[in-house]
Amino acid sequence: MAASRMDLDGRPIKPITICMIGAGGFIGSHLCEKLMSETPHKVLALDVYNDKIKHLLEPDSLPWAGRIQFHRLNIKHDSRLEGLIKMADLTINLAAICTPADYNTRPLDTIYSNFIDALPVVKYCSENNKRLIHFSTCEVYGKTIQSFLPKDSPLRQDPAYYVLKEDVSPCIFGSIEKQRWSYACAKQLIERLIYAEGAENGLEFTIVRPFNWIGPRMDFIPGIDGPSEGVPRVLACFSNNLLRREPLKLVDGGQSQRTFVYIKDAIEAVLLMIENPGRANGHIFNVGNPNNEVTVRQLAEMMTKVYTKVSGESALETPTIDVSSKEFYGEGYDDSDKRIPDMTIINKQLGWNPKTSLWDLLESTLTYQHRTYAEAIKKSMAKPTSS
Ligand SMILES: NC(=O)c1ccc[n+]([C@@H]2O[C@H](COP(=O)([O-])OP(=O)(O)OC[C@H]3O[C@@H](n4cnc5c(N)ncnc54)[C@H](O)[C@@H]3O)[C@@H](O)[C@H]2O)c1
Ligand SMILES: O=c1ccn([C@@H]2O[C@H](COP(=O)(O)OP(=O)(O)O[C@H]3OC[C@](O)(CO)[C@H]3O)[C@@H](O)[C@H]2O)c(=O)[nH]1
């Protein structure tokens, strides 16, 4: 299998060792799965948790046993970090606080996690001449230029005012009191630092800007495998509502727009970056699906239809309710209005295109959510509440 794998320029791919930080999270778990099942590469998987990759670590009889090694560590304070980066050919940094409910309520943790804690990773890669793939975010674009144009301006139809291009679009955030932007701003600064390490010290880097990757194992279902009061990202929020047969909450009318890409499509793009360093180094890549754009309200409607199909349950009488962002997220929340990725750079460098439609990716993801959580939710809802 592995011996005959070729890169995009027809050269055989040599097995490498990857130090993956944040390997136990949503993206990390899918990337580990792909690397184990389809490549000969080794993974040093670093995280505080490993629940989402347990199926790859045990039992010892798995075909890839010995190629993945879990190291439970917190990169904030662990002297093993530099040694592990030195042992690898490539470091992939996924570790971050990246749920919007935290950005305005835990801004210090958010800034430390996305900037300060990433600094040693960049430094160790640069000092030891190790390649780095760093996960940033589409949030670095902030709001579109379009959102500042008058509602009746014909310029609103011009993609130049809303399609987000890595090398052209500005980063437009709200005022400092809108602490929502603490995350985007920290991610932007770490991008600038990595870019400068490349320019001044020759660091070989690739920066990934994911545009709402979704699929199985994303975040948690409150009260089942996460805190009851926790607020995950929209896929898990709406899944939780559907599983509990309660209305889906539309923040500020659900008018914001997003493009969603299936995690399995996006992981293909990351694998191309890993295995084609000559084409990926020095680049910042949007990774998203411009064809899967919906408003959050449309997403809620589609998820409701898909869930009815995959669960066999009847639709709710009141499928959605409106809630203000202040009530849902608290003071200091703000939102990106629209996120369409320009695909020119990733097409040119890696020839990558997403394949899966929004309906299809929701069908496979909600089938997973139903199979994984429906019974546990029923049991938890049947339990009498303690007085
Ligand atoms: N999923 C998306 O659509 C998306 C979009 C934009 C950006 N991103 C970026 O991609 C990366 C991964 O996102 P995800 O969706 O998999 O999130 P996730 O929360 O599922 O994964 C992050 C992982 O990092 C780990 N981690 C955090 N701090 C750590 C620390 N100090 N030490 C060790 N481990 C630590 C967490 O335990 C978690 O397992 C993040 O950097 C995020 O900002 C993701
Ligand atoms: O119950 C809910 C939950 C959310 N919304 C609204 O949905 C939009 C999307 O929210 P979410 O998926 O939580 O996150 P964002 O897209 O805003 O931000 C993410 O983008 C990438 C990343 O960097 C990492 O994943 C993260 O910052 C939004 O408009 C919510 O208000 C809702 O209506 N109801």
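On a predicted model such as this, the values are computed, not experimentally measured, just so you know. Numbering of residues begins at 1 and proceeds along the displayed sequence. When a ligand or atom number is given, it counts from 1 through the structure's own listing order.
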Top protein contact for atom 37 (O) of ligand 1, by heavy-atom distance: Asp47 OD1, 2.7 Å
Donor-acceptor pairs under 3.5 Å, side chain of residues 372-381 to any protein atom, not counting sequence neighbours: which ones?
residue : atom : partner : partner atom : Å
Thr372  : OG1  : Tyr368  : O            : 2.6
Tyr373  : OH   : Asp225  : OD2          : 2.5
Ser380  : OG   : Ile377  : O            : 3.0

Electrostatic pair Glu139:Arg339 at N-O distance under 4.0 angstrom: yes
Counting only heavy atoms not in Phe220, do more than 12 sit closer than 6.0 Å to its CZ atom? yes
Around Glu177, counting heavy atoms of other residues, nucleotides and ligands shown, do more than 12 lie under 6.0 Å from its CD? no
At a non-hydrogen distance cut-off of under 4.0 Å, which region of Lys187 contacts ligand 1 (side chain, backbone, both, or neither)? side chain
Using only atom types and a distance under 3.5 Å, with no angle test, would you say the side chain of Glu293 pairs donor to acceptor with the backbone of Thr259? no
With the threshold set at under 4.0 angstrom, would you say Ser29 reaches ligand 1 through any of its heavy atoms? no
Within ligand 1, which atoms have a heavy atom of Gly24 less than 4.0 Å away? 39 (O)
May I ask you to list the atoms of ligand 1 that are less than 4.0 angstrom from any heavy atom of Gly22? 23 (C), 24 (O), 25 (C)
Which residue supplies the protein heavy atom nearest to atom 5 (C) of ligand 1, what is that atom called, and how far is it? Pro210 CB, 3.5 Å
Which residue from Val208, Thr99, Ile75, Val48 reaches closest to atom 34 (N) of ligand 1 through any of its heavy atoms? Val48
Pairwise side-chain contact, Lys86 with Cys19, heavy-atom cut-off 4.5 Å (strictly under): no
Please indicate whether any nitrogen or oxygen in Trp213 is less than 3.5 Å from any nitrogen or oxygen in ligand 1. yes
Does an N or O from Asn74, backbone or side chain, lie closer than 3.5 Å to an N or O of ligand 1? yes
Between Cys98 and ligand 1, which part of the residue brings a heavy atom under 4.0 Å of the ligand: side chain, backbone, both or neither? side chain
Please state whether the rings of Trp181 and Phe173 are parallel, tilted or perpendicular, taking 30° and 60° as the class boundaries. parallel
Short version for Ala23: what comes under 4.0 Å of ligand 1, heavy atoms counted, is neither
Examine Phe26 against ligand 1 and note whether any of their N/O atoms are separated by less than 3.5 Å. yes
Sidechain-backbone polar pair: Asn201 side chain, Ser126 backbone, donor-acceptor under 3.5 Å: no
Strictly under 4.0 Å, does any heavy atom of Arg217 approach an atom of ligand 1? no
Look only at the side chain of Asp47 and the backbone of Leu73, and say whether a donor-acceptor pair between them is shorter than 3.5 Å. no
Is atom OH of Tyr49 surrounded by more than 12 heavy atoms (other residues, nucleotides or ligands) closer than 6.0 Å? no
With a 4.0 Å cut-off on heavy atoms, does Phe211 reach ligand 1? no
Report all side-chain donor-acceptor pairs from residues 98-105 shorter than 3.5 Å, counting only partners two or more places apart or in another chain.
residue : atom : partner : partner atom : Å
Thr99   : OG1  : Asp102  : OD2          : 2.6
Asp102  : OD1  : Arg106  : NH1          : 3.4
Tyr103  : OH   : Cys98   : O            : 3.0
Asn104  : ND2  : Tyr329  : O            : 2.9
Asn104  : ND2  : Gly330  : O            : 3.4
Asn104  : ND2  : Glu331  : O            : 2.8
Thr105  : OG1  : Ala101  : O            : 2.6

Taking only heavy atoms of Tyr183 into account, list the atoms of ligand 1 that are under 4.0 Å away from them. 7 (C), 42 (C), 43 (O)
Looking at residues at least two apart in the chain, or sitting in another chain, which of them share a salt bridge (Lys or Arg N to Asp or Glu O under 4.0 Å) with Asp252? none
Flag yes if more than 12 heavy atoms outside Lys76 fall under 6.0 Å of its NZ atom; otherwise flag no. yes
Structural part of Tyr49 in contact with ligand 1, heavy atom criterion under 4.0 angstrom: side chain
Which residue and non-hydrogen atom of the protein lie closest to atom 16 (O) of ligand 1, and at what distance in Å? Ile27 N, 2.9 Å
Hey, are Glu166 and His283 close enough side-chain-wise for a donor-acceptor pair under 3.5 Å? no
Using the rule side-chain contact (heavy atoms from CB on, under 4.5 Å), only one of Thr91, Ile92, Leu94 pairs with Ile21; which is it? Thr91
Shortest protein heavy-atom distance from atom 1 (N) of ligand 1, along with the residue and atom involved: Arg233 NH1, 3.2 Å
Please indicate whether any nitrogen or oxygen in Gly25 is less than 3.5 Å from any nitrogen or oxygen in ligand 1. yes
Who's the nearest protein heavy-atom neighbour of atom 27 (C) of ligand 1, and how far? Ala96 N, 3.5 Å
Evaluating non-hydrogen atoms only, which member of Ile92, Leu94, Asn212 is closest to atom 40 (C) of ligand 1? Leu94
Check if Glu139 has a non-hydrogen atom at a distance under 4.0 Å from any atom of ligand 1. no
At a heavy-atom distance under 4.0 Å, which protein residues reach ligand 2? Sort them by chain and number, would you? Cys98, Pro100, Tyr103, Thr137, Glu139, Arg180, Tyr183, Asn212, Arg233, Val234, Cys237, Phe238, Lys249, Leu250, Val251, Ser256, Arg258, Val296, Phe328, Tyr329, Tyr333, Asp335, Arg339
Report yes or no: does Leu73 have a heavy atom closer than 4.0 Å to ligand 1? yes
What is the nearest protein non-hydrogen atom to atom 7 (C) of ligand 1, stated with its residue, atom name and distance? Ser136 O, 3.1 Å
Got the closest protein heavy atom to atom 29 (C) of ligand 1, with its distance? Ala95 CB, 3.8 Å
Check if Ser113 has a non-hydrogen atom at a distance under 4.0 Å from any atom of ligand 1. no
